Protein chains: 2
Amino acid sequence: MSEPGIRARNRAAIMAAITDSANRQLLEAGPSELSVRAVARELGMASSAIYRYVSSRDELLTLLIVGAFNDMAQSVEARAERMKGARKRWQVIGLASRDWAIEQPQRFALIYGSPVPGYAAPQDTIGPATRIPALLIGILQEAHVQADVSAFDARVARSLRPALANLDQWADLRTREFNDAAFALGVMAWTHIIGSISFELFGHRHNVVGDSQSDRRTYFEFELNVLADLLGIGQGV
Amino acid sequence: MSEPGIRARNRAAIMAAITDSANRQLLEAGPSELSVRAVARELGMASSAIYRYVSSRDELLTLLIVGAFNDMAQSVEARAERMKGARKRWQVIGLASRDWAIEQPQRFALIYGSPVPGYAAPQDTIGPATRIPALLIGILQEAHVQADVSAFDARVARSLRPALANLDQWADLRTREFNDAAFALGVMAWTHIIGSISFELFGHRHNVVGDSQSDRRTYFEFELNVLADLLGIGQGV
DNA sequence: AACTATATGCGAGCAGTGCTCTTGCTTTCT
DNA sequence: AGAAAGCAAGAGCACTGCTCGCATATAGTT
């Protein structure tokens, strides 16, 4: 009964084989080139048989999206958790995110590029998508960050609180060690990390930052430092 | 001789009709859905006839990309040039960019989302793509911005100078009113504007910033203020 | 004015796509 | 053992980008 059963096991295996094959295609082709028939060919089955496991191409893409979010988050978490000190951890989060993206640019484009079809972000993605940001918030709390922005900016940041109200998932933000402006700056920081990686990967830095890997990395580290200062994550902590 | 001639005029008109039709499709469908055959249908000609004007679907997309860059730049320039004061102009550049993107999200995705095919950014795009950044650099010079970053960051920024060497197009950056770090921060600011718009448009802000237009705009303005302070564009100037 | 080269249009056709439906077979549950 | 559910395959539909051969209209040349 609770035994997996031959069929259930086969199903799981084939499911994995499908996403594996699709991910392999993504390594060199880009989301719009992903072909259900090509997956079927690689698995040696009829194209129609795929639809027993995945109801449409878009659903397959959603599976890959969730997988990519989780894979990236896991990769970043693994490197971040053995770092001591808020600033160091902040930098590792940024660098690890960038490294993952450079290794698998198509998967990065899949999750942070333009949404593929008509698209309505499926509910399944928001969980995996927030893993790294959650890590970031943790760092800001750990560092007891209190953002000192102008009075005007603070007012603006506070006005965003209603929107953030349903966010108990972000740990308890109501502690005094973490004000609204700090949260707003944290969102900015994460936005910038992804934005910068996108610029680099999508070719918007040609003739602006050097084309060599070392130039690009240097500039990215520069950005991480500026952001860390902006966030108020001290050197020593 | 120098007369346009019937054929040349026809050709230009049809060319314009093609890009117009394609752009119309982009308003509601997204780059990967763009269909040469659909364009042909709308123009009432055979699908094969399109290839007399455009050698491939990718070339058509490139035309649209150049057009989108120029359209966005023109829209932003128009609103920016009648503003006085560096900070005000900076904010208008940001807001106008965002407005354009919200009006035509698919065209924004076309130029700042994931690159479409195998892709190698054609040379024709880099000119139009740098119009708004050039505007930004102008503002920084106008405001006599001298970035005061940490010694470390300044060193990093300076190490990027070789990469920026071939950039005489960016007006004269060698003036004392504009140091390397200021340029690096300017690139950061532009990166952030596009990154933030992308996050908003591509749905990465759900459950983070309010879903209402006013919440989103408020947050964007918050970001612009923080960046202006970071750039050292004073309130009064 | 006649001729030739070039530019343009059309239709058929190829190879590929996502997806559906029918038909047969195998595993599972009762 | 028999019924029900799951699975695989093939044919087929409507669509795509793109090429080729064949007509026709325009342009420049003799």
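Sequence lines set the chain letters: A, B, ... in the order given, protein chains first and strands last, and positions in each chain run from 1. Both backbone and side-chain heavy atoms feed into the values below; hydrogens, waters and symmetry mates do not. No experiment lies behind these values; they were computed from the predicted model shown.
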Exercise. Given axes from five pairs at either end, by how many degrees does the helix from C:dA1-D:dT30 to C:dT30-D:dA1 bend, rounded to 10°?
Worked result: 0°
Problem set entry | Residue list, side chain to side chain contact (heavy atoms under 4.5 Å, CB included) with B:Asp71, at least two apart or on another chain | B:Gln74, B:Trp100, B:Gln104, B:Arg107
Problem set entry | A:Thr191-B:Ser196 side chain donor-acceptor pair, cut-off 3.5 Å | no
Problem set entry | Any residue meeting side chain to side chain contact (heavy atoms under 4.5 Å, CB included) with B:Met83, in chain and number order, not counting sequence neighbours | B:Lys88, B:Arg89, B:Val92
For this session: Taking side chain to side chain donor-acceptor pair (under 3.5 Å) as the test, write out the residues that go with A:Glu200, two or more places apart.
Result: A:Arg98
Name the atoms and distances for all side-chain donor-acceptor pairs under 3.5 Å in residues 34-42 of chain A, with sequence neighbours left out.
residue: A:Ser35; atom: OG; partner: A:Arg37; partner atom: N; Å: 3.2
residue: A:Ser35; atom: OG; partner: A:Ala38; partner atom: N; Å: 3.0
residue: A:Glu42; atom: OE1; partner: A:Ser21; partner atom: OG; Å: 3.3
residue: A:Glu42; atom: OE2; partner: A:Arg24; partner atom: NH1; Å: 2.0

Seminar exercise, completed: So side chain to side chain donor-acceptor pair (under 3.5 Å) across residues 47-56 of chain B, not counting sequence neighbours, yields B:Ser55-B:Glu59
Problem set entry | For atom CZ of A:Arg52 and atom C1' of C:dT27, their distance in whole Å | 14 Å
Seminar exercise, completed: Residues in residues 10-24 of chain B with a heavy atom under 4.0 Å of DNA chain C, by number, are B:Arg11, B:Ile14
For this session: State which residues pass salt bridge (Lys or Arg N to Asp or Glu O under 4.0 Å) with A:Asp99; sequence neighbours excluded, sorted by chain then number.
Result: A:Arg79
Exercise. Got a sec, which residues hit ring-ring contact (aromatic ring centres under 6.0 Å, His included) with A:Tyr112, two or more places apart in sequence or on another chain?
Worked result: A:Phe69, A:Phe108, B:His204
Seminar exercise, completed: Between CZ of A:Arg9 and P of D:dG6 the distance, given in whole Å, is 19 Å
Seminar exercise, completed: Rounded to whole Å, the CE-C1' distance (B:Met45 to C:dT8) equals 8 Å
For this session: Return the set of residues passing side chain to side chain contact (heavy atoms under 4.5 Å, CB included) with B:Ile193 (not counting sequence neighbours), or none when no residue passes.
Result: B:Trp90, B:Ser97, B:Trp190, B:Ile197, B:Phe220, B:Leu224
Exercise. Got a sec, which residues hit side chain to side chain contact (heavy atoms under 4.5 Å, CB included) with A:Glu103, two or more places apart in sequence or on another chain?
Worked result: none
All N/O pairs under 3.5 Å across the protein-nucleotides 15-18 of chain D interface:
residue: D:dT16; atom: OP1; partner: B:Ser35; partner atom: OG; Å: 3.2
residue: D:dT16; atom: OP1; partner: B:Arg41; partner atom: NH2; Å: 3.2
residue: D:dT16; atom: OP2; partner: B:Arg41; partner atom: NH1; Å: 3.4
residue: D:dG17; atom: OP1; partner: B:Leu34; partner atom: O; Å: 3.4
residue: D:dG17; atom: OP1; partner: B:Val36; partner atom: N; Å: 2.7
residue: D:dG17; atom: OP2; partner: B:Val36; partner atom: N; Å: 3.3
residue: D:dG17; atom: OP2; partner: B:Arg37; partner atom: N; Å: 3.1
residue: D:dG17; atom: N7; partner: B:Arg37; partner atom: NH1; Å: 2.3
residue: D:dG17; atom: O6; partner: B:Arg37; partner atom: NH1; Å: 2.9
residue: D:dC18; atom: OP2; partner: B:Tyr51; partner atom: OH; Å: 3.1
residue: D:dC18; atom: OP2; partner: B:Arg57; partner atom: N; Å: 2.7
residue: D:dC18; atom: N4; partner: B:Arg37; partner atom: NH1; Å: 3.4
residue: D:dC18; atom: N4; partner: B:Arg37; partner atom: NH2; Å: 3.4

